[in-house]
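Below: one structure, written as C-alpha cells.
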Amino acid sequence: MGMATKPVGALRDPGETFGGEVVRPADDGYDDARAVFNGLIDKRPALILRCRTTGDIVEALAVARESGLEIAVRGGGHNIAGRSTSDGGVVIDLSPMKQITIDPVARIARVAPGVTWGELNDAAAEHGLATTGGTISTTGVAGLTLGGGLGWLMGGYGLAADNLTAVEIVTAEGDVVHADADHEPDLFWAVRGGGGNFGIVSSFEFRLHPVATVVAGLVVHAFDAAADLLRLCREFTAGLPDEIGLMPLLVHAPDGSGTPVAAVAVCHAGPSDQASSDLTRLLEHGSPLLTQVEPMPYPVVNTMLDDGFRPGNRYYWKSSFMPALSDEAIEVLVRRFAECPSPMSGIAIEYLHGAVTRIPVSATAVAHRDTSFNILIAGVWQDPAGDAANMTWARDTYAELEPFFVNRRYVNYLSEDDAEVRSAYGPNYERLAALKHRYDPENLFRANHNILPAPAQD
C-alpha cells in the first residue's frame with residue numbers, strides 16, 4: 001500500500017484557499033512547531049501544515065496525499081508515543097482550531113480539534129455543565145476522545161467517546177462527512193475508540209451533564225502504608241457509587257525531596273452531603289500525612305495532576321488492565337515503584353466502574369467495559385542520560401505485573417514500541433479492520449496506532 005514519494009524539495013505549498021500556516025524545516029519557528037508533549041519524541045517533519053478551518057484540512061490532506069509521504073495528524077500533541085508527528089512526513093496540525101460552542105439548553109458542546117480539555121471544561125463550566133474528559137487539563141480533546149477517553153466522570157456518564165453525539169470528519173478521499181447514529185453510523189461507531197484510523201475529525205459534538213461543583217482532592221499516606229492503602233482501595237471500590245472517580249497513586253512527594261508516598265486522588269460528582277457519607281471510610285483510614293479533599297469547581301479537579309505531567313518532560317509508559325488488586329499484585333506494585341530511578345515517575349491506578357461498564361462491548365469501538373483497574377506505569381524524567389534506565393524500569397515493572405493482567409490495553413497509553421493493537425480492541429478488531437478497508441483502503445492514516453485494512457470476513 002502507499003503511493004510514490006516526491007522528493008522533499010518538490011513538496012508544493014497549499015493553494016490560495018489554504019488559510020493556515022505552512023512551516024518548513026528552514027523556517028523560523030520550526031522547532032517550536034514540531035515539538036510535542038513528550039520530550040522523548042524528537043521527529044523532524046518535512047512539512048507542517050497548521051490548519052484553521054475544515055477547508056484547510058481538506059487542502060492540507062490533498063498536499064499530503066500528493067507527496068506520498070507519511071501523514072501524521074496533530075490535535076493537542078499529547079500522544080505519548082509521538083504518533084502525532086512524523087520523521088520526514090507531513091504533519092497536519094489542528095492545534096490552531098480552537099472554536100468552542102456551548103448550547104446550554106440542549107446541553108451540547110461543539111468543539112474544534114485543537115481544543116484542550118482545560119479549555120472545554122472552562123467553557124462548559126460557565127453554564128454549570130461538564131462531560132467526561134482527560135484528567136490532565138493540557139490533553140487534547142481530539143486524541144483522548146478518539147481513543148476512548150477515561151476520566152473522572154466515567155462512572156456516572158461513561159467515557160468521553162460514549163458522550164460523543166456526532167463528528168464532522170474529512171475522509172481519506174478528502175470528503176467532508178457528518179457522522180452520527182443516523183448518518184454514516186458505521187463510521188461513527190469506528191471513531192468512538194478507533195483512534196485516528198478513519199479520517200481527520202474537524203469537529204466534535206458532545207453531550208453535557210449538570211456538573212458544577214465536585215468534592216475532590218488527594219489523601220496522602222507515608223509509603224510504608226502503601227500496601228495497606230491499596231488493600232483499602234480494593235475494599236472501598238466494592239459497590240462504589242457511580243458518582244465517585246478513584247485513582248490510587250504511588251508517587252513522589254512534590255516538595256523536591258523525592259520521598260515516595262502512597263496517595264488516592266478522588267472526585268465525587270454527586271451532592272456534597274452524599275460525598276461526605278460516601279467518602280468517610282477513605283478519609284478516615286489510617287494516619288494520612290495530608291488530607292485535602294474539598295468542594296471545588298469541576299475544571300479544577302482536572303488540573304490536580306498537571307504538575308506531574310508537564311510538556312517537555314520525557315515520558316515512557318506501559319499499561320494494562322487488572323480485574324482485581326490481589327495481595328500478590330499489590331506486593332509487586334509497591335516493590336517495583338520503590339525501585340524506580342526517577343523521582344518524577346509514578347504508578348497510577350484508574351478504576352473503571354459504573355456507567356462505563358454498563359455499555360455493551362459492541363456499542364462502540366472501545367472494548368473496555370469490565371469493572372477493572374487500569375494500571376499505568378508512568379516513567380517520567382528530564383535528562384536524556386536517563387532514557388535507558390527509566391524505560392527499562394517501566395518495561396521490567398510491566399513484565400513482573402503481566403501475570404495479573406488481562407489481555408486488554410488502553411490505546412491512548414500505548415508507547416511507540418507497542419506496535420500490536422489487537423489487545424486494545426478485543427472482539428471489535430475485525431469489524432474495525434473491515435471498516436478501515438472501506439474508509440481508508442490505502443492505509444493513508446497509518447502514523448497512529450494502526451488498524452490494518454482487511455476485507456470483511458463472511
Side-chain angles (χ1 to χ4, degrees), residues 1-98 112-114 116 138 140 142-143 170 172 174 195-196 199-202 310-316 382-385 387 415-417 419 442-450:
M1 298 180 185
M3 304 161 60
T5 302
K6 284 191 172 186
V8 171
L11 296 181
R12 71 170 175 87
D13 284 342
E16 293 181 0
T17 59
F18 184 75
E21 180 184 6
V22 179
V23 184
R24 294 177 178 271
D27 293 340
D28 291 340
Y30 172 75
D31 283 335
D32 288 339
R34 71 183 180 90
V36 292
F37 171 76
N38 186 357
L40 187 64
I41 307 299
D42 185 25
K43 296 182 180 179
R44 302 186 65 85
L47 187 65
I48 302 171
L49 299 173
R50 308 192 73 227
C51 303
R52 294 190 176 92
T53 66
T54 299
D56 289 347
I57 297 174
V58 173
E59 178 62 17
L61 182 60
V63 171
R65 279 189 65 97
E66 183 182 314
S67 76
L69 299 176
E70 180 181 68
I71 299 169
V73 181
R74 171 179 174 163
H78 245 255
N79 181 269
I80 208 68
R83 300 300 181 99
S84 62
T85 185
S86 172
D87 253 334
V90 177
V91 172
I92 299 177
D93 184 359
L94 313 180
S95 62
M97 298 178 67
K98 292 287 191 181
T116 66
T138 56
V170 180
I200 304 174
V201 177
S202 49
R310 292 198 172 277
N313 289 339
R314 303 173 84 78
Y315 297 93
Y316 182 82
Q382 291 180 324
D383 187 351
D387 288 359
S415 288
E416 189 166 17
D417 53 3
E442 295 182 347
N443 202 15
L444 192 71
F445 302 115
R446 60 184 180 274
N448 44 55
H449 290 292
N450 195 224

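- Taking 4.5 Å as the limit, every side-chain heavy atom of S84 sits out of range of all side-chain heavy atoms of F37.
- Every salt bridge (charged side-chain N to carboxylate O under 4.0 Å, His left out) that D417 has, sequence neighbours left out, goes to R395.
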(message) Is there a side-chain contact (heavy atoms from CB on, under 4.5 Å) between F18 and L49? Walk through the geometry before answering.
(response) CA-CA 9 Å; F18 184 75; L49 299 173; 4.1 Å; yes
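- Using a distance-only test at 3.5 Å, with no hydrogens or angles considered, no donor-acceptor pair links the side chain of N38 to the main chain of G82.
- Atoms CE and OG, on M97 and S202 in that order, are 6.0 Å from each other to the nearest 0.5 Å.
- Taking each heavy atom of P113 and A142 in turn, the nearest pair found is O-CB, 3.7 Å.
- For the pair H449 and A81, the tightest heavy-atom approach, listed with the atom from each and the gap, is NE2-CB, 3.7 Å.
- For V58 against G174, the heavy-atom pair with the smallest separation is CG1-O, 3.8 Å.
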(message) Run D93 and C51 through side-chain contact (heavy atoms from CB on, under 4.5 Å) and show every step you take.
(response) CA-CA 6 Å; D93 184 359; C51 303; over 6 Å; no
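- In this structure, P14 and V63 have side chains that are in contact, with non-hydrogen atoms separated by less than 4.5 Å.
- Pairing each heavy atom of S95 with each of G75, the nearest pair is CB-O, 3.4 Å.
- Taking CG from L94 and CD1 from I200, the interatomic distance works out to 6.5 Å, rounded to the nearest 0.5 Å.
- Between D87 and K43 there is no salt bridge, since none of the side-chain N atoms of the basic residue sits less than 4.0 Å from a carboxylate O of the acidic one.
- With rounding to the nearest 0.5 Å, the separation of CD1 in I71 from CG in L61 is 5.5 Å.
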(request) Take L40 and D387 through the side-chain contact (heavy atoms from CB on, under 4.5 Å) test and state the conclusion after the steps. (result) CA-CA 8 Å; L40 187 64; D387 288 359; 3.6 Å; yes
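- Under a 4.0 Å N-O distance rule, the pair R65/E442 qualifies as a salt bridge.
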(message) Quick one, R74 with T85, criterion side-chain contact (heavy atoms from CB on, under 4.5 Å). Give me CA distance, side-chain angles, the key distance, then yes/no.
(response) CA-CA 7 Å; R74 171 179 174 163; T85 185; over 6 Å; no
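- With N313 contributing its side chain and Q382 its backbone, the two residues share no donor-acceptor pair below 3.5 Å.
- Screening I41, I48, V23 against R34 for a side chain to side chain contact (heavy atoms under 4.5 Å, CB included) leaves a single residue, I48.
- Distance CZ/F445 to CD/E70: 12.5 Å, rounded to 0.5 Å.
- Counted within 6.0 Å of CG on D383, heavy atoms from surrounding residues, nucleotides or ligands total more than 12; the atom is thus considered enclosed.
- A salt bridge is defined here as a Lys NZ or Arg NE, NH1 or NH2 lying under 4.0 Å from an Asp or Glu carboxylate O, and E66 with R12 meets this definition.
- Between the R83 side chain and the E416 main chain, a donor and an acceptor come within less than 3.5 Å of each other.
- Between R24 and D13 there is a salt bridge, with a side-chain nitrogen of the basic residue lying less than 4.0 Å from a carboxylate oxygen of the acidic one.
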